[in-house]
Amino acid sequence: MYLAGGKLSKLYNQYTLKTAPATYEVLIALLAEAGFDSFEETQESLLAFATADRHAEWEAALSSLSDRFSFTYDATALPKKNWNEEWESRFPPLYVEDRLFIRAEFHEPDPGAELELVITPKMAFGTGHHATTYMMCELLLGEELEGRAVLDYGSGTGVLAILAGRLGATHVDAVEVEAAAVENTRENAERNAVRINQIVHGTLGDLQSSKRYDLILANINRNVLLASAGALYARVNTGGSVFCSGILAADEQRLQDHLVATGFSHRQTLARDDWRAFVFTKN
């Protein structure tokens, strides 16, 4: 889900958490919300990576979580290196439902794949490997997009926006708060010869106020989805849908109740590992 690095000019710390593997997913979600950049799961521990210049902030976050979850941790300063290159060496190509093949430029193409996307993640999130992105791709593959306007909210690498365009969406926009991810979305769209009509650096409020969409893709996290439910409802055409993910099983009912209270109808839930993806419609 999260890439180990990308900010090549910065030094990183590795935080090694000794805890039961059953708590990995919850801790990853909470530490990601706190600002940690990347994670690696091993049988013995959970490794969390974050920039060294904010060590005191990371210590505070870990100390707070250790009161709620049973784990110990230690911090190690990492040598300066090309983390993109390190991660790329372990990035395998991916098939989604035997229809979609996602690979990096250094992988061999699959001539037999129905759909192929070439994604170079750099500093951004979203290669399809994590359960949340995988489920969003599944939902898109099952949707008729011809003639529809789509927004990728929190585009990361742009993989969902690009897939929407490849599946026939007439108009595709993307919005992303991280400047590096905006650039990554743009580069990956060009790499796949898919036109994204506009890529906005900012939030939903920075989009043209009158613009409405038939489908919004929101693979973000619980807090952002809860906070932006009203704005998402305002941006969707009547009869349109929101696909959302980034939600742990423990937060499933809370998110569903909140979006239904906002005015959406709950249409579908997908489950993969401890993560959930949802389809909500505006009637």
**Student:** Would you please name every residue forming a salt bridge (Lys or Arg N to Asp or Glu O under 4.0 Å) with Glu105, sequence neighbours left out?
**Tutor:**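 Listed in chain order: Arg191.
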
**Student:** Would you check if the side chain of Thr42 reaches a backbone N or O of Glu44 as a donor-acceptor pair within less than 3.5 Å?
**Tutor:** yes

**Student:** Kindly compute the distance separating CG (Leu62) from CZ (Phe71), expressed to the nearest 0.5 Å.
**Tutor:**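 Output value for this atom pair is 5.5 Å.
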
**Student:** Does Val224 have any side-chain contact (heavy atoms from CB on, under 4.5 Å) partners at least two apart in sequence or in another chain, and if so, which?
**Tutor:** Tyr153, Ile220, Asn221, Ser228

**Student:** Side chains of Leu160 and Phe243: does their closest heavy-atom pair fall under 4.5 Å?
**Tutor:** no

**Student:** I'd like to know if Phe264 and Leu226 are part of one continuous hydrophobic network [Ile/Leu/Val/Met/Phe/Trp/Tyr, side-chain heavy atoms within less than 4.5 Å].
**Tutor:** yes

**Student:** Test: side-chain hydrogen bond (donor to acceptor under 3.5 Å, both in side chains). Region: residues 59-74. Which pairs qualify, not counting sequence neighbours?
**Tutor:**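 Found none.
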
**Student:** Is a donor on one side and an acceptor on the other found under 3.5 Å between the side chain of Trp58 and the backbone of Thr51?
**Tutor:**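 Yes, Trp58 side chain to Thr51 backbone: donor-acceptor pair under 3.5 Å.
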
**Student:** Can you name the residues that form a side-chain contact (heavy atoms from CB on, under 4.5 Å) with Thr170, not counting sequence neighbours?
**Tutor:** none

**Student:** Less than 4.5 Å apart, side chain to side chain, heavy atoms only: is that true for Leu17 and Thr23?
**Tutor:** no

**Student:** Ignoring hydrogens, what is the shortest heavy-atom contact between Ala161 and Ile196? Give both atom names and the distance.
**Tutor:**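 Taking every non-hydrogen atom into account, CB-CD1, 3.9 Å.
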
**Student:** Which pairs with one or both residues in residues 145-165 pass salt bridge (charged side-chain N to carboxylate O under 4.0 Å, His left out), sequence neighbours excluded?
**Tutor:** Glu143-Arg148

**Student:** Quick one: ring-ring contact (aromatic ring centres under 6.0 Å, His included) partners of His266, sequence neighbours excluded?
**Tutor:**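 Only Phe280 meet the ring-ring contact (aromatic ring centres under 6.0 Å, His included) criterion with His266.
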
**Student:** Using modelled atom types only, decide if a donor and an acceptor are shared between the side chain of His258 and the backbone of Leu255 within a distance under 3.5 Å.
**Tutor:**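 Not confirmed, His258 side chain does not pair with Leu255 backbone.
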
**Student:** For His55, which residues count as a ring-ring contact (aromatic ring centres under 6.0 Å, His included) partner, sequence neighbours excluded?
**Tutor:**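 So His55 forms a ring-ring contact (aromatic ring centres under 6.0 Å, His included) with Tyr15.
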
**Student:** Quick one: side-chain contact (heavy atoms from CB on, under 4.5 Å) partners of Glu183, sequence neighbours excluded?
**Tutor:** Arg186, Glu187

**Student:** Would you find a donor on one side and an acceptor on the other, under 3.5 Å apart, between the side chain of Glu176 and the backbone of Ser155?
**Tutor:** yes

**Student:** Would a 4.5 Å heavy-atom cut-off, applied to side chains only, mark Leu65 and Leu31 as touching?
**Tutor:**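 Yes - at least one pair of side-chain heavy atoms lies under 4.5 Å apart.
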
**Student:** Name each donor-acceptor pair under 3.5 Å that joins a side chain in residues 229-242 to protein atoms two or more places apart or in another chain, with its distance.
**Tutor:**
{"unit_1": "Arg235", "atom_1": "NH1", "unit_2": "Gln208", "atom_2": "O", "d": "2.6"}
{"unit_1": "Arg235", "atom_1": "NH1", "unit_2": "Lys211", "atom_2": "O", "d": "3.2"}
{"unit_1": "Arg235", "atom_1": "NH2", "unit_2": "Leu204", "atom_2": "O", "d": "3.0"}
{"unit_1": "Arg235", "atom_1": "NH2", "unit_2": "Leu207", "atom_2": "O", "d": "3.3"}
{"unit_1": "Asn237", "atom_1": "ND2", "unit_2": "Asp214", "atom_2": "OD1", "d": "3.0"}
{"unit_1": "Ser241", "atom_1": "OG", "unit_2": "Arg267", "atom_2": "NH1", "d": "3.3"}

**Student:** Does anything in residues 242-265 pair up under salt bridge (charged side-chain N to carboxylate O under 4.0 Å, His left out), and if so which pairs, sequence neighbours excluded?
**Tutor:**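 Sorted pair list: Arg222-Asp251, Glu252-Arg276.
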
**Student:** Give a yes or no on whether the backbone of Val118 and the side-chain of Asn192 come within a donor-acceptor separation of less than 3.5 Å.
**Tutor:**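 Indeed, once roles are kept as given, a pair shorter than 3.5 Å links the two residues.
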
**Student:** Would you check if the side chain of Asn188 reaches a backbone N or O of Thr157 as a donor-acceptor pair within less than 3.5 Å?
**Tutor:** yes

**Student:** Side chains of Phe278 and Leu259: closer than 4.5 Å at any heavy-atom pair?
**Tutor:**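 A side-chain contact under 4.5 Å is absent here.
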
**Student:** Apply side-chain contact (heavy atoms from CB on, under 4.5 Å) to Pro109 and list each qualifying residue two or more places apart in sequence or on a separate chain.
**Tutor:** Arg103, Glu116

**Student:** Using a 4.5 Å cut-off between side-chain heavy atoms of Ile, Leu, Val, Met, Phe, Trp and Tyr, which other residues end up in the same hydrophobic cluster as Phe101?
**Tutor:**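 When side chains under 4.5 Å apart are linked, the cluster holding Phe101 also contains Tyr95.
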
